[in-house]
Amino acid sequence: MSASPYVTSITRQSDDFPGWYTDVVLKAELADYSPVRGCMIIRPYGYAIWESMRDELDRLIKATGHKNMYFPLFVPRSLLLKEAEHVEGFDPQVAWVTRAGGRDLDEPLAIRPTSEALIAEGVKDWIQSYRDLPLLMNLWNNVVRWELRTRLFLRTTEFLWQEAHTFHASEEEAAAEVATGLECYRVVAEEWLAIPVISGRKTEHEKFPGAVYTRAIEAMMRDTKALQAGTSHMLGQNFSKAAGIEFLDRDNVRRAPFGTSWGFSTRMVGATVMAHGDEFGLVLPPRVAPIQVAVVPIFRSEEDRVRVAEAIDRVLAALGEDAAGRAVRVEVDWRDASPGFKFNHWELRGVPFRLEIGPRDLAAGQAVLVKRTDRSREAVPLEALPHTLPGRLDAYQRELFERALAFRDANTRRVDTYEAFRTVVEEQGGFILAPWCGDGGCERRVAEETGATIRIIPDDSPDEAAACIVDGRPSERRVLFARAY
Ligand SMILES: [Zn+2]
């Protein structure tokens with residue numbers, strides 16, 4: 001790829017991926033640092049990307065029968081302590097309010113790191129009978145987890161997210177719910193963000209504190225590292241029992257309901273940047289792109305400006321919609337700046353198509369359409385353009401997904417020995433499918449010695465008798481190892 005004559009200030013992705021990421025997030029104006037270390041200001045362009053995935057996820061969650069509601073920001077200390085494993089897992093990350101209203105509080109209040117404890121307490125009186133189940137709740141809010149090492153969007157002290165919380169009469173129903181939540185995330189990741197994901201189960205070590213098990217989807221970023229893109233937890237009766245929730249079942253026996261919780265956060269904005277971006281900045285999938293087509297008028301004289309403006313107006317008036325009836329999002333850049341400056345501006349922001357319209361193009365009844373991914377230029381007739389844009393955007397969306405999938409496949413390797421494993425981690429990176437006996441000691445050793453962790457036990461990993469790469473004990477199937485964000 002040739003260097004852009006306009007972009008001079010982004011760290012090269014191939015030289016320093018983390019530096020590139022930070023440059024893109026700041027310079028594309030997705031977010032900025034705040035006076036509080038580890039917190040971020042989400043700027044309008046970044047927030048619009050979040051809103052797009054949020055709205056789609058919200059639609060999917062509601063379509064599966066969940067209702068949105070709200071629980072408070074503060075969790076009394078005594079509530080957080082009720083589920084022992086939960087508090088142990090979260091304690092190092094909890095921020096506490098100990099003084100308010102001018103005096104020390106009798107009981108410290110946690111700023112929610114997640115809402116399981118508060119919700120279990122809150123719904124106790126609502127769940128009396130099997131007729132009150134399932135209870136399907138969803139919350140859009142912010143949470144605080146005191147992180148030592150932070151990175152914009154990927155790991156911030158405060159972040160925005162969605163947390164679903166549900167209660168069910170049976171374990172089977174709760175297990176189906178865990179799958180439903182994960183499926184909502186898969187759809188948003190793959191169909192909205194064009195990020196292919198692998199779904200599976202977390203190991204005991206990696207599961208959510210207080211859960212029976214955790215399922216998750218994992219994605220590969222452009223530096224071949226893994227990113228967890230959404231988690232769904234089977235809570236069993238842990239939180240119900242801790243809070244003393246009981247319902248009268250059909251057989252007149254009192255039982256604790258089975259719970260689930262699942263979450264998806266603003267970290268996915270960072271994932272979208274890292275899954276598609278290139279040396280010139282962001283590459284956004286059309287469905288989440290706040291602007292899908294940037295029009296750059298090219299003119300010198302006032303006479304040309306008027307003619308170009310008229311042509312642009314005609315194109316805008318005739319714009320079609322995509323298959324789902326969505327209008328194409330267009331921005332016409334009339335700023336007092338050179339075309340080159342504008343090209344750079346929209347490339348950095350990952351706008352899928354740029355349309356250049358100038359007097360010479362107009363004379364030929366056409367305009368130049370430039371595709372962000374390969375920066376190819378195509379002269380397109382102005383008459384046909386408005387109606388072909390939705391189809392071009394759909395194709396672009398599919399191409400991004402296919403490109404990410406091919407990249408992931410090319411960077412996924414099967415290894416059978418620890419020696420080969422260490423070589424691949426060091427020299428190539430990516431996803432590694434390797435046999436593991438299921439022992440936490442082996443898992444820890446690999447993490448300590450190579451920095452790669454078991455991301456997931458993939459759902460589609462077939463039974464395959466083999467020897468654990470660490471200690472040679474029997475392994476039933478391959479698990480997915482990678483260095484991760
Ligand atoms: Zn082992």
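Start at 1 and go down the list; that is how both ligands and their atoms are numbered. Keep in mind that what you see is a predicted model, and the values were worked out from it rather than measured. Side chains included, hydrogens not; waters and symmetry mates left out as well; all remaining heavy atoms used.
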Side-chain donor-acceptor distances from residues 40-49 under 3.5 Å, at least two apart:
from: Tyr45; atom 1: OH; to: Arg349; atom 2: O; distance (Å): 2.7

(request) Could you check Thr224 against Arg483 for side chain to side chain contact (heavy atoms under 4.5 Å, CB included), going step by step and ending with a plain yes or no? (result) CA-CA 8 Å; Thr224 77; Arg483 284 181 176 160; over 6 Å; no

(request) Indicate, with yes or no, if the rings of Phe247 and Phe167 have centres closer together than 6.0 Å. (result) no

(message) Between Lys82 and Glu121, does any NZ, NE, NH1 or NH2 come within less than 4.0 Å of an OD or OE carboxylate oxygen?
(response) yes

(message) Tell me whether Arg267 forms a cation-pi arrangement with Phe159, defined as NZ or CZ under 6.0 Å from the six-membered ring centre and within 45 degrees of its axis.
(response) no

(request) In plain terms, say whether Glu347 and Arg372 are close enough for a salt bridge, that is, a side-chain N and a carboxylate O under 4.0 Å apart. (result) no

(message) Strictly under 2.8 Å of the Zn ion (ligand 1): which protein N/O/S atoms qualify?
(response) Cys437 SG, Cys442 SG, Cys468 SG, Asp471 OD1

